[in-house]
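Here the structure is laid out as structure tokens; the discussion comes afterwards.
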Amino acid sequence: MSRTIALREIKGRSRGYWLGLGGLALLAGSAVAATFYIEHNGLHVTGMNNQIAWGMPHVISIFLILAGAGAFNVAAFSAVFGRTVHAPLARLSGLLAAALLFGGLSVVMLDLGGPQRLLVAMSNFNFKSTLASNILRYIGFLIAVTAFLWTLMEPRMNRYSRGAGVVAMLLGLSVSTGIGLVFGFLVAREAYDSAVMAPMFVAMSSSFGLAVFILVLAGACSWTGRPLGGFIVGRLRNLLGIFAAVVLYFTTVQHLAGLYATEHHGVERFILMEGGVHTFLFWAGQVMVGGILPLFLVYSPSARKSRRALLAAAAMVIIGGLSQLYVIIIGGQAYPLVLFPGMEVSSSFFDGAVNPYTPTLPETVLSLGGAAIAFLIVAVAMKFLRFLPETLADAALDPHYRPPSED
């Protein structure tokens, strides 16, 4: 059996740490400035308009929220399913889940016209709105993850960690399902109206979250000089391959269902063949970079032994995930609304026309600021609290480990 692994803070005294922290703080501060600039001047300074109401900030925000819900899966494997090999990673998993969710929500505040309007949204609640009910899911998940971390870090509360983990896992599933339902219930947009959206977003959440977790874990262990053995790397590699394959499967089902339904032939032709940048991002970004290449790097006999190949696969999953969300969110709005089925519609208000969208600098800075806030939280928390295992070497984790022969 694997021995108990101690967790401790990182020293955080190196020049690289402070430079990284300063860079993240600068980007987060720039995002705050961009928020005030957009709020003061109006959304016309962004690429968003009456036709494309959800832009790049929504792509990044939803990615971060989905990744946060999915990042908790590593903790769930330990707390809920009793996988002891993942136990040393549970704290980091919970921290990353909470930080990514907070970073994503900080970006989506723009959608309210200003952060102060959150109180209005909470005090005038529309229980019929999936978007509104997601607020409860976000808050509940954040509270549950915080409670789970408390049960892990306070010895007297350890006996409650499994119950807290179950609640947090279920709320994480609810978060990703709720985001999928936002699109699945939006019948006005042909690219969204699909029951497969909910399970597909759950799979996307698991894939994105694990990819971010792998990169953060590998980076933290490398920068602090902590051993990261092949045993745990192999477990994470297999999980990433499974999640990437499931996302590719649901993507295939989504578009096969669209091609089967005659009323969706137009939007399928747009996304798959005639959508310009959206078609390129679908085939090159989502399918190739985000699906096929990571599966090759994970399962190819020539690459599966390489740690760099795993890190490249995780980075590709993130790039493919951003491409997928861009195609879903912005590509779905770019395709014109079908106001009168079977009729051609055109007017001076862009009816029947493909809606253009180009993200501007302020909204791009705001979007990246959300990610900066998330990783700033992670970097500071790891310096002052015990989130990172002191070793993840094979000798500490692999129950079948045998020391190399001295012969």
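The analysis underlying the following values was restricted to heavy atoms, covering all of them including side chains, and did not include hydrogens, waters or symmetry mates. Fair warning: this is a prediction, and the values are worked out from it, not measured in the lab.
- Qualifying side chain to side chain donor-acceptor pair (under 3.5 Å) partners for Ser300, counting only residues two or more places apart in sequence or in other chains: Ser302.
- Considering only residues two or more places apart in sequence or on other chains, Phe213 meets the ring-ring contact (aromatic ring centres under 6.0 Å, His included) condition with none of them.
- With contacts defined as side-chain heavy-atom distances shorter than 4.5 Å, the pair Cys221/Leu392 qualifies.
- In terms of the side chain to side chain donor-acceptor pair (under 3.5 Å) criterion, Tyr335 has no residue partners (sequence neighbours excluded).
- Gln51 contributes no side-chain N or O that, together with a main-chain N or O of Ala334, makes up a donor-acceptor pair within less than 3.5 Å.
- Between Tyr192 and Phe185, the ring centre distance reaches or exceeds 6.0 Å.
- The side-chain heavy atoms of Leu388 and Leu7, taken from C-beta on, include no pair separated by under 4.5 Å.
- Considering only heavy atoms from C-beta on, Val145 comes within 4.5 Å of Phe141 through its side chain.
- Judged by distance alone, with hydrogens and angles left aside, the side-chain atoms of Arg159 form a donor-acceptor pair with the main-chain N or O of Arg156 at under 3.5 Å.
- Residues satisfying the side chain to side chain contact (heavy atoms under 4.5 Å, CB included) criterion with Val277, sequence neighbours excluded, are Leu281.
- Between the His58 side chain and the Gly55 main chain, a donor and an acceptor come within less than 3.5 Å of each other.
- You'll find the side chain of Leu368 stays beyond 4.5 Å of the side chain of Ile60, heavy atoms only.
- Shown here for Ser323 and Gln286, the closest heavy-atom pair between the two residues is CB-N, 3.8 Å.
- Looking only at distances, a side-chain donor or acceptor of Trp283 sits under 3.5 Å from a matching main-chain atom of Leu272.
- A heavy-atom distance below 4.5 Å is found between the side chains of Val354 and Pro336.
- Ser222 contributes no side-chain N or O that, together with a main-chain N or O of Ala218, makes up a donor-acceptor pair within less than 3.5 Å.
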* **Leu95 vs Arg91, side chain to side chain contact (heavy atoms under 4.5 Å, CB included): CA-CA, chis, key distance, verdict** => CA-CA 6 Å; Leu95 170 63; Arg91 293 188 187 183; over 6 Å; no
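- Close placement of the Phe148 and Phe72 rings is indicated, their centers lying within 6.0 Å of each other.
- Remark: side-chain polar atoms of Asn134 are not paired, donor with acceptor, to backbone N or O of Val175 under 3.5 angstrom.
- In this structure, Ser207 contributes its side chain and Ala203 its backbone to no donor-acceptor pair below 3.5 Å.
- Listed by first and then second residue, the salt bridge (charged side-chain N to carboxylate O under 4.0 Å, His left out) pairs that reach into residues 9-23 are Glu9-Arg386, sequence neighbours excluded.
- Around atom CZ of Arg226, more than 12 heavy atoms belonging to other residues, nucleotides or ligands sit under 6.0 Å away.
- Enclosure of atom CZ in Phe280 is not indicated, since only 12 or fewer non-hydrogen atoms of other residues, nucleotides or ligands lie within 6.0 angstrom.
- The side chain to side chain donor-acceptor pair (under 3.5 Å) check on Thr360 picks up Glu363, with sequence neighbours excluded.
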* Would Leu397 and Ile5 satisfy side chain to side chain contact (heavy atoms under 4.5 Å, CB included), going step by step from the backbone distance to the final call? -> CA-CA 9 Å; Leu397 291 176; Ile5 297 176; 3.4 Å; yes
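- For His40, the NE2 atom sits in a loose shell: 12 or fewer heavy atoms of surrounding residues, nucleotides or ligands are nearer than 6.0 Å.
- A heavy-atom distance below 4.5 Å is not found between the side chains of Tyr17 and Trp223.
- The two atoms that bring Ala371 and Leu64 nearest to each other are N-CD1, 3.6 Å, heavy atoms only.
- At least one side-chain heavy atom of Val202 sits less than 4.5 Å from a side-chain heavy atom of Leu173.
- The six-membered or imidazole ring of Phe183 lies near that of Trp54, with a centre-to-centre distance under 6.0 Å.
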What side-chain donor-acceptor pairs closer than 3.5 Å can you find for residues 304-319, not counting sequence neighbours?
unit_1: Arg304; atom_1: NH1; unit_2: Val298; atom_2: O; d: 3.3
unit_1: Ser306; atom_1: OG; unit_2: Arg308; atom_2: N; d: 3.4
unit_1: Ser306; atom_1: OG; unit_2: Ala309; atom_2: N; d: 3.2
unit_1: Arg307; atom_1: NH1; unit_2: Leu228; atom_2: O; d: 2.5
unit_1: Arg307; atom_1: NH2; unit_2: Leu228; atom_2: O; d: 3.0

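- Residues meeting the side chain to side chain donor-acceptor pair (under 3.5 Å) test with Ser206, sequence neighbours left out: Asn73.
- The closest side-chain heavy-atom distance from His264 to Leu259 is not below 4.5 Å.
- Looking at Asp394, its side chain does come within 3.5 Å of a backbone N or O of Gly230 through a donor-acceptor pair.
- The side-chain hydrogen bond (donor to acceptor under 3.5 Å, both in side chains) contacts involving residues 167-189 comprise Arg137-Ser174, where partners must be two or more places apart or lie in separate chains.
- With Ser61 contributing its side chain and Gly104 its backbone, the two residues share a donor-acceptor pair below 3.5 Å.
- Among residues two or more places apart in sequence or in another chain, the salt bridge (Lys or Arg N to Asp or Glu O under 4.0 Å) test is passed with Glu274 by none.
- In this structure, the ring-ring contact (aromatic ring centres under 6.0 Å, His included) partners of His255, at least two apart in sequence or on a different chain, are Phe282.
- Shown here are the side chain to side chain contact (heavy atoms under 4.5 Å, CB included) partners of Leu385, two or more places apart in sequence or in another chain: Met153, Phe387.
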